[in-house]
Amino acid sequence: MSNTSLTRYLVEQQRTHGHIPGQLRLLIEVVARACKRISHAVNKGALGDVLGSAGTGNVQGEIQKKLDIIANEVLIEANEWGGHLAGMASEEMEGIHVVPNRYPRGEYLLLFDPLDGSSNIDVNVSIGTIFSVLRMPEDDRGVDEGDFLQAGTKQVAAGYCIYGPQTTLVLTVGDGVAMFTLDREQGSFVLTQEDVRIPEDTKEFAINMSNMRHWDAPVKRYIDECLAGKEGPRGKDFNMRWVASMVADVHRILTRGGIFMYPWDKREPDKPGKLRLMYEANPMSWLIEQAGGAATNGRERILDLQPKKLHERVSVILGSKNEVERVTRYHTE
Ligand code: P6P
């Protein structure tokens, strides 16, 4: 059992790969500490005044849960004074949050979904925080929304913290994927897995089957073939999972492989998909690629997409490389 703390891992990674300068290490450590606080609030459940709806709506037009707002505030308060950030963007806020003038400004931009999977909060199912780090464009004066609109390939760090049976922080800075489990006695994240690798093949798909009648033909073909099992064109039986918390489905895929799909569907044809590009699809896609998987919107690599709006949505197909390539091939055939 390793006793490598997150801090020691980051220092040693900087020594060997040089991708974690001081300000970025501070940023990651501050985000990890904020996730510890969010985990504490989540774990209180009904014992703390944290369940249920806040009675407000967010920019997505979704009812905000109390924990959505608590998590958002924890991340803002933890990160604005350290001098490592120029600004932040959140699923829970319409506009960006520029670091106030009373604090020093740094060279990084932090984007996050403070609590993903909110529909699962009140039923005690795993949820999580997803975060993505970009660098402020060079010689840039003030901080504005345009500074955040960078392709996923520009990320310098990405990760999530899943609040499940364990609280686990999963991180990449471009040199593979590492996992840190929260040791509540020590109060710190301890390295429990590094060089995470996703099997290129899988027998497990994750999709919300209730939307089947709304899917595009390539997605329907792929799932029909999975359902046909051994007697069908795939020659093997498949299993299905759908947690309705992207963090939990992605964590399972990083741990044992699989394919996750939230594709475009004809319920709202103008919406490219349900999930958000900047602070859900991009960080998760980088983690998946860093672990040997693939991530596309059905036609293009997600990390190559040039964002036009902060809260834009995207169709997501990610996980075991050979399965994602098959679904993508069905779209482009
Ligand atoms: P549905 C959670 O609200 C989320 O954004 C993702 O975490 C999750 O994968 C998806 O939506 C679940 O959507 O339509 O199945 O409830």
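Values below: all heavy atoms of this structure, side chains included; hydrogens, waters and symmetry mates excluded. Order of appearance sets the numbers: ligands from 1, and atoms from 1 within every ligand.
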By side-chain contact (heavy atoms from CB on, under 4.5 Å) - contacts of E29 (at least two apart): T7, L10, R25
Neighbouring residues of ligand 1, heavy-atom cut-off under 4.0 Å: D116, G117, N208, W242, A244, S245, M246, F260, Y262, K274, L275, R276, E280
Carboxylate-amine/guanidinium proximity below 4.0 Å for E312 and R276: no
Ion pair check, E204 and R252, cut-off under 4.0 Å: yes
Which atom of E225 lies closest to which atom of P233, heavy atoms considered: CG-CG, 3.5 Å
Ion pair K274/E268, N-O distance below 4.0 Å: no
Closest contact, heavy atoms only, S320 versus I198: OG-CG2, 3.7 Å
